Chemist: 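My questions will all concern the structure given below.
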Amino acid sequence: MTLHFQDLQLDKPLTDALRAAGYESPTPVQLQAIPAALNGADLMASAQTGSGKTAAFLLPILQKLLKRSDKPGKGPRALVLTPTRELAQQVEKNAQIYGKNMPWLRSVSLVGGTSFGQQIRMLSKPVDLIVATPGRLMDHMRQGRVDFSRLEVLVLDEADRMLDMGFIEDIETIVAATPASRQTLLFSATWDGVVGKLAQKLTREPQKIDIERVEAQGKIDEQLLYCDDMRHKNRLLDHILRDANIDQCVIFTSTKVMSEQLADELYEKGFAANCLHGDMPQGWRNRTLMDLRKGRIKILVATDVAARGIDVPTITHVINYDLPKQAEDYVHRIGRTGRAGRHGLAITFAEVNEYMKVHKIERYLKRQLPEMAIEGMEPTRKRNKNAAPKGKGKPWGGKGGKGGFGDKHKRSSAPHGKRPGGDKPRSGGFKSGGGKPKMKK
Ligand SMILES: Nc1ncnc2c1ncn2[C@@H]1O[C@H](COP(=O)(O)OP(=O)(O)OP(=O)(O)O)[C@@H](O)[C@H]1O
Ligand SMILES: [Mg+2]
């Protein structure tokens with residue numbers, strides 16, 4: 001039996017808005033989190049990327065907001081904290097979509113890099129929901145602009161990431177300013193280490209929700225491509241980007257400089273490419289993301305600032321141009337595709353001497369990444385024999401994928417289908433790759 005949003009005790013203004021947004025039935029995390037949160041429980045929830053966690057915490061909040069507060073004051077009744085500005089803005093927009101039949105709803109995103117003026121004006125009137133990054137919220141709190149005495153619900157989205165980014169003290173200060181009676185909903189990819197301890201401190205008898213990956217919630221095919229060096233990597237990238245199946249693509253680099261450089265190179269080659277990183281003025285960051293959402297950008301070259309939470313359902317491909325520094329970032333990066341039941345492809349480049357980094361990711365994933373090679377563009381440098389995993393060749397403790405370490409002959413063929421006549425290696429590096437330009441920005 002398929003459950004509907006009506007079955008979850010959500011009132012008509014919300015179920016109508018969800019229907020208008022094209023949501024037919026709740027996703028697994030929504031099915032579990034919404035009734036629990038409506039019952040007043042604290043939550044510690046994890047679920048795969050793109051599985052609808054935002055609505056899982058926003059809908060119970062909005063349902064509460066449908067009833068008047070009996071407390072006086074103009075402070076927020078709900079607060080959502082996120083690690084990045086883009087994510088805060090996106091979550092606040094989602095609240096407006098789900099709350100579209102609540103015309104009196106006042107929500108505001110408080111993020112850095114934007115002027116204080118408008119935020120101060122918003123805070124001078126009663127506000128129902130604040131979605132903020134910790135730094136900017138703290139700025140407003142120091143000036144005494146936020147009164148949390150009415151606060152009913154506190155949400156930390158991507159809690160582990162916020163702690164990685166060093167927001168622990170800010171979060172503790174913010175939490176200390178909220179009433180102890182509040183409900184706390186925590187969403188995190190992991191509960192290991194500091195984030196688990198913080199969760200213990202912030203919640204009371206939390207209900208744990210951990211949704212296993214289900215294919216109906218989006219399938220991401222993965223491919224690992226070894227390359228000899230940067231030149232080879234750029235040739236592979238050039239080849240891949242000329243695939244007609246790419247609708248939109250995010251390419252992750254490890255540095256801001258590299259994201260700019262690569263975006264410039266791609267743009268010069270005729271691709272509608274742009275970069276996104278944390279040193280860009282916020283206005284540019286916003287415009288770039290809007291261009292991506294509107295389809296004006298086909299390729300976004302980004303640092304990990306775009307790895308968490310960003311939801312652009314038309315992204316068909318993710319390319320890890322550089323390997324992520326932390327194994328868990330791999331999961332979040334590739335999760336920018338294959339969202340809400342869609343299919344996506346994630347391609348990861350690794351230089352032959354980076355096999356240990358790949359290994360670390362595979363250990364974290366507890367599975368092997370399917371290794372591929374593009375016909376005629378295979379790496380020529382050999383990996384060190386010691387690259388083979390120690391033990392019995394299955395260090396991930398699960399079923400192995402195709403190919404992989406110590407099994408170089410089992411590589412499958414071209415990842416993007418067989419091209420007639422195969423694909424001859426092109427000469428030159430990325431810059432000299434040439435080729436006919438695609439869409440112009
Ligand atoms: N019940 C639903 N039916 C259809 N689409 C949905 C439903 N719930 C959410 N979506 C859509 O699914 C996409 C992913 O949602 P969301 O951004 O909340 O995922 P997430 O779990 O927070 O992912 P991440 O871990 O990457 O932050 C969005 O485009 C959203 O509009
Ligand atoms: Mg999210």
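Remember, it's a predicted structure, so these values are computed and weren't measured experimentally. Whatever order the structure lists them in is the order used to number ligands and atoms, beginning at 1.
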Chemist: Between Ser107 (side chain only) and Leu129 (backbone N and O only), is there a donor and an acceptor less than 3.5 Å apart?
Modeler: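 Here the side-chain-to-backbone pair does not exist.
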Chemist: Using only atom types and a distance under 3.5 Å, with no angle test, would you say the side chain of Thr203 pairs donor to acceptor with the backbone of Pro206?
Modeler: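 No, because the side chain of Thr203 does not come within donor-acceptor range (under 3.5 Å) of the backbone of Pro206.
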Chemist: Is any side-chain N of the basic residue among Asp311 and Arg339 closer than 4.0 Å to the acidic one's carboxylate O?
Modeler: yes
Chemist: Tell me, please: is Arg308 in heavy-atom contact with ligand 1, that is, under 4.0 Å?
Modeler: no
Chemist: Using a strict cut-off of 4.0 Å, indicate which atoms of ligand 1 neighbour a heavy atom of Gly309.
Modeler: 26 (O), 27 (O)
Chemist: Of all residues at least two apart in sequence or in a different chain, which pass the side chain to side chain donor-acceptor pair (under 3.5 Å) check with Glu86?
Modeler: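 Side chain to side chain donor-acceptor pair (under 3.5 Å) check on Glu86 returns Gln282, Arg285.
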Chemist: Numbering the atoms of ligand 1 from 1, which are under 4.0 Å from a heavy atom of Pro313?
Modeler: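 So the answer, numbered in order with elements, is 29 (O).
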Chemist: Of Glu158, Gln30, Gln48, Arg336, which has the heavy atom at the shortest distance from atom 8 (N) of ligand 1?
Modeler: Gln30
Chemist: Please confirm whether Ala47 approaches ligand 1 to less than 4.0 Å, judged on its heavy atoms.
Modeler: no
Chemist: What residues form a side chain to side chain donor-acceptor pair (under 3.5 Å) with Ser46, not counting sequence neighbours?
Modeler: Trp191
Chemist: Are Arg150 and Asp147 close enough for a salt bridge, meaning some N to O gap below 4.0 Å?
Modeler: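 No salt bridge links Arg150 with Asp147.
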Chemist: With atoms numbered from 1 as shown, which atoms in ligand 1 lie under 4.0 angstrom from a non-hydrogen atom of Ser25?
Modeler: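 Here the atoms of ligand 1 in question are 1 (N), 2 (C), 3 (N).
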Chemist: What residue and atom, counting heavy atoms only, is the protein's closest point to atom 25 (O) of ligand 1, and at what distance?
Modeler: Lys53 NZ, 2.6 Å
Chemist: Report the member of Phe187, Tyr98, Tyr23, Phe57 with the shortest heavy-atom distance to atom 3 (N) of ligand 1.
Modeler: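 Among Phe187, Tyr98, Tyr23, Phe57, the closest heavy atom to atom 3 (N) of ligand 1 comes from Tyr23.
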Chemist: Taking Lys233 first and then Asp322, would you say they form a salt bridge - that is, a charged N and a carboxylate O separated by under 4.0 Å?
Modeler: yes
Chemist: Indicate the ring-plane relationship of Tyr321 and Phe349, choosing parallel, tilted or perpendicular according to the 30° and 60° boundaries.
Modeler: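 Tyr321 and Phe349: perpendicular rings.
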Chemist: For atom 13 (C) of ligand 1, state which one of Leu58, Val312, Asp311, Thr314 supplies the nearest heavy atom.
Modeler: Asp311
Chemist: To which of His332, Glu24, Arg339 does the heavy atom nearest atom 26 (O) of ligand 1 belong?
Modeler: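 Ranked by closest heavy atom to atom 26 (O) of ligand 1, first place is Arg339.
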Chemist: Show me which atoms of ligand 1 lie under 4.0 Å from any heavy atom of Thr54.
Modeler: 16 (P), 17 (O), 18 (O), 22 (O)
Chemist: Any nitrogen or oxygen of Gly50, side chain or backbone, less than 3.5 Å from one on ligand 1?
Modeler: yes
Chemist: Is it the case that the side chain of Gln63 and the backbone of Asp11 share a donor-acceptor pair, with hydrogens and angles ignored and the cut-off at 3.5 Å?
Modeler: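 Such a contact is found between Gln63 side chain and Asp11 backbone.
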Chemist: Using a cut-off of 6.0 Å, state whether more than 12 heavy atoms not belonging to Lys64 lie near its atom NZ.
Modeler: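 More than 12 heavy atoms, drawn from other residues, nucleotides or ligands, come within 6.0 Å of this atom.
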Chemist: Are any of the N or O atoms of Gln90 closer than 3.5 Å to those of ligand 1?
Modeler: no
Chemist: Would one find an N or O of Gly52, backbone or side chain, under 3.5 Å from an N or O of ligand 1?
Modeler: yes
Chemist: His239 side chain to Met377 main-chain N or O, any donor-acceptor pair under 3.5 Å?
Modeler: no
Chemist: For Ser51, counting its heavy atoms only, list the atoms of ligand 1 lying under 4.0 Å from any of them.
Modeler: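 Result: 19 (O), 20 (P), 21 (O).
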Chemist: What are the atoms of ligand 1, with element, lying closer than 4.0 Å to any heavy atom of Thr49?
Modeler: 23 (O), 24 (P), 25 (O), 26 (O)
Chemist: Tell me which protein heavy atom sits closest to atom 12 (O) of ligand 1, plus the residue, atom name and distance to 0.1 Å.
Modeler: Ala340 CB, 3.1 Å
